[in-house]
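Values below: all heavy atoms of this structure, side chains included; hydrogens, waters and symmetry mates excluded.
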Amino acid sequence: KVYTQCFTAQKLQSFGKDQQPPFQTGSTRYLQAASTNDQNQNGNHTLPQNSKGDAQNHFLRIPTSEEQKIINFTKESKDSRSKSLTSKTSRKDRDTSNICVNAKKHSNHIYQISSVPISSLNNKESVSPDLIIVDNPQLSVLVGETIDNVDHDIGTCDKVNNVHLAIHKKPDNLSASSPSSAISTETLSLKLTEQTHIVTSFISPHSGLHTINGEGHENLESSASVNVGLRPRSQIIPSMSVSIYSSSTEVLKACRSLGKNGLSNGHILLDICPPPRPPTSPYPPLPKEKLNPPTPSIYLENKRDAFFPPLHQFCINPKNPVTVIRGLAGALKLDLGLFSTKTLVEANNEHIVEVRTQLLQPADENWDPSGTKKIWRYENKSSHTTIAKYAQYHACSFQESLREENERRTQVKDYSDNESTCSDNSGRRQKAPFKTIKCGINIDLSDNKKWKLQLHELTKLPAFVRVVSAGNLLSHVGYTILGMNSVQLCMKVPGSRIPGHQENNNFCSVNINIGPGDCEWFVVPEDYWGVLNDFCEKNNLNFLMSSWWPNLEDLYEANVPVYRFIQRPGDLVWINAGTVHWVQAIGWCNNITWNVGPLTAFQYKLAVERYEWNKLQSVKSVVPMVHLSWNMARNIKVSDPKLFEMIKYCLLKILKHCQTLREALVAAGKEVLWHGRINDEPAPYCSICEVEVFNLLFVTNESNSQKTYIVHCQNCARKTSGNLENFVVLEQYKMEDLIQVYDQFTLAPSLSSAS
């Protein structure tokens, strides 16, 4: 099937083949040109029912005179070639053990981290350059330079290589290793020569000739090369080249050149790139002695340490998948008692609690109910109760534990009298059914009226970990997403588990242990999530939706590094973007948690990638990335070129889509009615496939008359009614407003250059 989603910021082709999408990942990249046949990686394309002619072909930029010379030279020399040199890049090996902490490994594989002075974070080797974020209530922030290694897959080349382009058929046994590594069934090969210089028109002004849209020469997708490999058909209209540096006038002019044939079914143009997929395991594999790395931990002594800028930089550094900030509550004098079970009951005893019924097991093991086989699947049944009732269970569980402890002491006294009998009983206990426990999760603390004291206490935190901050992408969504840009609380008894997962849309996470008990954490770096996804598939589990608890022995055999550490009361755990993690309570404790989105290219890139992967997995993206991107363009100034290009590229694709779709609807005689949008209104999603719907909403006639507004995306609407006769099209934004936002969103000068 064809991957045809309009907002594929990583994968989408633009009008001009001179545009290189800024989202590219993977340890190996193959540069491929579009096939002249209407085929994708799985077979034949299926044209949308409203498409005419060759809507699947993209607009090609008219080559310059210099590029035409290159094309002619390439054509003449094409037949003499018998082999192609496929450019490859290898993923940079992350040595997760090189961190600024000292660790002592104990027999139970839990590392004791020695104290690290906060001033040591000034080390340039372990801390990236400062990302300056101004936190002000006006949600206007100027972002400074991002970290050097914000994404090891989006790099810059040191020089422009001389390349010679040739089109060759891709061998059958050659497969792409990443979502963005393949474009069609033909491979665009590069041959390094001394004769030819290829430079596309999509070169960022800020990067000179050293980088093409933030990518090195390995990822170069030249428009000239596409002209070599494709024979434009008569239906293709040679159009002006548009890029993220084109004005809205140029973009809309290109859209109008399309005519009716340029509209595909629900998308801007039919994409021929393959869908995203999980990454392969990093190569070369880590040696066995590095599979239990020490956890990066920072010890705070006072408030000044907590607000020390390098602490922020250390946490958002992609080299650190997790950071434990020890003693945060004490340094900031946080009143954790406001989040205790007793206080919660006194404040809102009838507040709803989601309860997960689980089996009590050792933290590093997961057995089937019979206790005979280690498995990945974890039984996790859901129900609901109130804070008051769960608090009662909390107290009863503690009293029962005390009673069991007294009985255990009595058994120890009798051990010497009947050692063999006790040993037999112990063996039977290991095989007996596990004890059932209940974990209270997803307790919503977003209501400022109900939880005013609790939420006010969290404003003492540094800006980069606050629930609301101008430097937090999620603060620009414009409405509350429960548990993400609002606080949630968990109430746990010993053995309570939060199964393995990545955060929604790969955003960062903040977790503070209220106590009085501890929690044990297991963490795997983001670039190994594909390996865990494979394990889930082998065990008939869905990585995104199922409840699973990894087998540590399997991960060790697969050379997957696992961070393992204890979170004590008052400790803050920072989970970096895309990090996989699972947690088990050691004692009775409460935890508060929420998500944060740093203003970095690394965070935005991972969020967009997961946004697209969710579509293919039929999973709703909790964060509406298109809606968020437009709000970011309205609210912030970005000086990081990579982040700017990613956001601007998204705006470009959506602006094209809105204009093309609107004109096609009008040309077909379908009236577009103004609907508008109110403040704090959630982003609309399709009621059928649950993808985000931006600006043009397809609403059934019945729901429109009843003012219930059941939204459909264009694709689902046409499946229901081919000519849309049963639907009304509502418009939420004026094109003039979108044009203004697009034009005004420009690359801001960095603070250093401005000064």
Sequence-distant partners of [X], side chain to side chain contact (heavy atoms under 4.5 Å, CB included), two or more places apart:
X	answer
Glu379	Arg377
Asn506	Gln502, Leu606, Arg610
Pro499	Tyr378, Asn380, Ser547

Is any side-chain heavy atom of [X] closer than 4.5 Å to a side-chain heavy atom of [Y]?
X	Y	result
Leu445	Phe339	yes
Leu360	Val493	no
Val465	Trp574	yes
Tyr685	Val711	no
Val524	Trp582	yes
Val638	Met632	no
Phe565	Val523	yes

For a side chain to side chain contact (heavy atoms under 4.5 Å, CB included) check, start with the C-alpha distance between Phe314 and Phe308, then their side-chain angles and the critical distance, and finish with the verdict. CA-CA 11 Å; Phe314 186 87; Phe308 195 45; over 6 Å; no
What distance separates [X] [atom1] from [Y] [atom2], expressed to the nearest 0.5 Å?
X	Y	atom1	atom2	answer
Gln732	His627	CD	NE2	9.0 Å
Ile647	Leu599	CD1	CG	7.5 Å
Leu336	Leu328	CG	CG	9.0 Å
Ser340	Glu346	OG	CD	7.5 Å
Asn485	Tyr479	CG	OH	8.5 Å

Donor-acceptor pair, distance only, cut-off 3.5 Å: does the side chain of Arg466 make one with the backbone of Leu461?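 Yes, the answer is positive, given that a donor and an acceptor are paired below the 3.5 Å cut-off.
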Check for a donor-acceptor pair, side chain of Asn505 on one end and backbone N or O of Phe507 on the other, with a separation under 3.5 Å.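 Such a contact is absent between Asn505 side chain and Phe507 backbone.
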Taking all atoms of both residues into account, what is the closest heavy-atom pair of Leu474 and Val596, and its distance?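 Where Leu474 meets Val596 most closely, the heavy atoms are CD1-N, 4.0 Å.
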Taking all heavy atoms of Tyr604 and all of Cys650, pick out the closest pair and write down the distance.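 Of all heavy-atom pairs spanning Tyr604 and Cys650, the closest is OH-CB, 3.7 Å.
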Assess the residue pair Gln361 and Arg497 against the criterion (side chain to side chain contact (heavy atoms under 4.5 Å, CB included)); give the C-alpha distance rounded to whole Å, side-chain angles, the decisive distance to 0.1 Å, and a yes or no. CA-CA 10 Å; Gln361 303 195 47; Arg497 287 181 168 182; 3.7 Å; yes
May I have the step-by-step check of side chain to side chain contact (heavy atoms under 4.5 Å, CB included) for Ile298 and Leu300, ending in yes or no? CA-CA 6 Å; Ile298 306 297; Leu300 304 183; 4.1 Å; yes
State whether the number of non-hydrogen atoms from other residues, nucleotides or ligands found under 6.0 Å of [X] atom [atom1] is greater than 12.
X	atom1	answer
Phe307	CZ	yes
His456	NE2	no
Lys438	NZ	no

Going through the distances and angles, do Glu354 and Ser382 end up as a side chain to side chain donor-acceptor pair (under 3.5 Å)? CA-CA 7 Å; Glu354 182 179 351; Ser382 178; 3.1 Å; yes
Test side-chain hydrogen bond (donor to acceptor under 3.5 Å, both in side chains) applied to Thr323 - qualifying residues, sequence neighbours left out: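 Result, side-chain hydrogen bond (donor to acceptor under 3.5 Å, both in side chains) vs Thr323: none returned.
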Set of residues satisfying side-chain hydrogen bond (donor to acceptor under 3.5 Å, both in side chains) with respect to Asn695, sequence neighbours excluded: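 Here no residue qualifies.
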I would like to know whether His581 and Glu503 meet side chain to side chain contact (heavy atoms under 4.5 Å, CB included); could you show each step before the answer? CA-CA 9 Å; His581 56 286; Glu503 296 296 318; 3.0 Å; yes
If you apply the rule side chain to side chain donor-acceptor pair (under 3.5 Å), what do you find for Gln567 with Asn513, and how did you get there? CA-CA 7 Å; Gln567 179 194 26; Asn513 186 9; 4.7 Å; no
Checking side chain to side chain contact (heavy atoms under 4.5 Å, CB included) between Phe464 and each of Pro309, Cys508, Ser469, Cys315, which is the one that passes?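 Among Pro309, Cys508, Ser469, Cys315, the one meeting side chain to side chain contact (heavy atoms under 4.5 Å, CB included) with Phe464 is Cys315.
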Parallel, tilted or perpendicular for Tyr733 and Phe694, by the 30°/60° rule?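 Ring orientation of Tyr733 relative to Phe694: parallel.
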Centroid-centroid distance, Trp613 to Phe543, less than 6.0 Å: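 Centroid separation for Trp613 and Phe543: 6.0 Å or greater.
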side-chain hydrogen bond (donor to acceptor under 3.5 Å, both in side chains): which pairs involve residues 386-396, sequence neighbours left out?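 Matches after skipping sequence neighbours: none remain.
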